[in-house]
Protein chains: 2
Amino acid sequence: MRIGELSERTGTPRRLLRYYEEQRLIVADRSANGYRDYDEFYVDRVLQIRGLLEAGLPTRIIKQILPCLETTRTIHVLGATPEMIATLEREHQRMTERIQGLTRNRDAVAGYLATVRGEGRPDPTTPSPRAA
Amino acid sequence: MRIGELSERTGTPRRLLRYYEEQRLIVADRSANGYRDYDEFYVDRVLQIRGLLEAGLPTRIIKQILPCLETTRTIHVLGATPEMIATLEREHQRMTERIQGLTRNRDAVAGYLATVRGEGRPDPTTPSPRAA
DNA sequence: TCGAACCATCACACCTATGTGAAGGTCAAC
DNA sequence: GTTGACCTTCACATAGGTGTGATGGTTCGA
């Protein structure tokens with residue numbers, strides 16, 4: 001498929017698809033006329049990239065962890081250099097910390113919401129933790 | 001305490017403390033000589049801000065949710081406007097999605113690590129999902 | 001009274017992920 | 001064969017979180 005279709009199917013501006021390519025997160029074949037030609041595969045891949053970006057990882061790191069996250073679930077064990085494994089371990093660690101921090105803060109927000117919603121007479125649409 | 005101490009105790013560059021103030025995430029008293037004067041309280045507060053930034057929230061949003069997250073755990077129920085509650089609900093939702101996305105990807109990385117570490121013979125320190 | 005170590009403001013610079021538009025090639029349909 | 005919808009590259013712009021340095025005031029100890 002060409003860039004327009006990939007853009008539409010992933011909800012990603014063409015500009016960004018070119019950017020991801022520039023950052024070497026994806027690689028596009030070229031048809032005779034120079035147009036980018038994407039395999040079906042890239043729909044998932046782009047979605048995954050966006051998910052990781054959304055999660056706060058920089059393209060630099062995403063580039064490193066992507067090869068391990070084949071959407072086909074065929075894990076690429078081959079070619080795992082020690083440096084790469086170290087990077088992954090570090091990043092795994094960071095992701096975990098991030099998740100914890102986010103969770104803590106989200107729960108704090110949730111607690112606050114429960115309180116203000118309850119404000120004496122509990123809101124039936126949103127059971128508060130203690131009201132449950 | 002002055003900015004230097006707060007900086008050191010929170011591991012945050014002075015520059016950023018001033019930036020957070022500019023963004024109105026924190027407010028500093030001023031002593032007679034014009035120096036910023038921080039209450040003990042701000043150590044926690046700054047740490048919290050950094051946690052939220054680290055989690056990917058922009059200062060704009062952090063500013064809104066901070067008043068609900070008093071570290072003293074004295075929840076500020078007063079002055080919760082409907083707009084603010086709506087923002088919080090939206091943000092709570094986004095945080096949850098973020099956590100899910102992050103978790104999914106982290107687990108994928110973990111799975112990969114478990115595989116390459118075990119490379120045939122499973123690594124006892126990292127139980128693989130199916131081995132468990 | 002001098003120097004070191006603080007503090008202040010201001011301002012320019014950077015990086016990353018984006019937006020946006022210009023200038024031009026390709027191709028299918030009318 | 002021209003129009004319109006695609007595609008290309010190039011390039012400048014913006015926003016948010018930071019880095020860094022210039023320039024100068026305050027405080028304190030030697």
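Proteins get letters first, then strands, A, B, ... in listed order; numbering begins at 1 in each. Computed from a prediction, not measured in an experiment: that's the story for all the values here.
Regarding contacts with the backbone of dC7(C), every side-chain N or O of Arg36(B) stays at 4.0 angstrom or more from both OP1 and OP2. Within the 4.0 Å cut-off from OP1 or OP2 of dT18(C), at least one side-chain nitrogen or oxygen of Tyr20(A) is found. In terms of phosphate contacts, Tyr35(B) brings no side-chain nitrogen or oxygen within less than 4.0 Å of OP1 or OP2 of dG25(D). Look at Tyr19(B) and you'll find a side-chain N or O under 4.0 angstrom from OP1 or OP2 of dG17(D). A close approach under 4.0 Å does occur between a side-chain nitrogen or oxygen of Arg18(B) and OP1 or OP2 of dA8(C). Of the side-chain N and O atoms in Thr59(B), none sit less than 4.0 angstrom from OP1 or OP2 of dG16(D).
For the pair Glu5(A) CD and dC6(D) P, the computed distance is 12 Å after rounding to whole Å.
Between Glu89(B) and Val109(A), every side-chain heavy-atom pair lies at or beyond the 4.5 Å cut-off.
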Worked check of side-chain contact (heavy atoms from CB on, under 4.5 Å) between Arg94(A) and Glu54(B): CA-CA 10 Å; Arg94(A) 287 203 62 224; Glu54(B) 174 69 12; 2.7 Å; yes
Chi angles and distances behind the salt bridge (charged side-chain N to carboxylate O under 4.0 Å, His left out) call for Glu5(A), Arg9(A): CA-CA 6 Å; Glu5(A) 184 179 344; Arg9(A) 289 178 62 185; 3.2 Å; yes
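Across all strands, Arg60(A) comes closer than 4.0 Å to no nucleic acid atom at all (heavy-atom distances).
A donor-acceptor pair shorter than 3.5 Å can be found between the side chains of Arg106(B) and Thr96(A).
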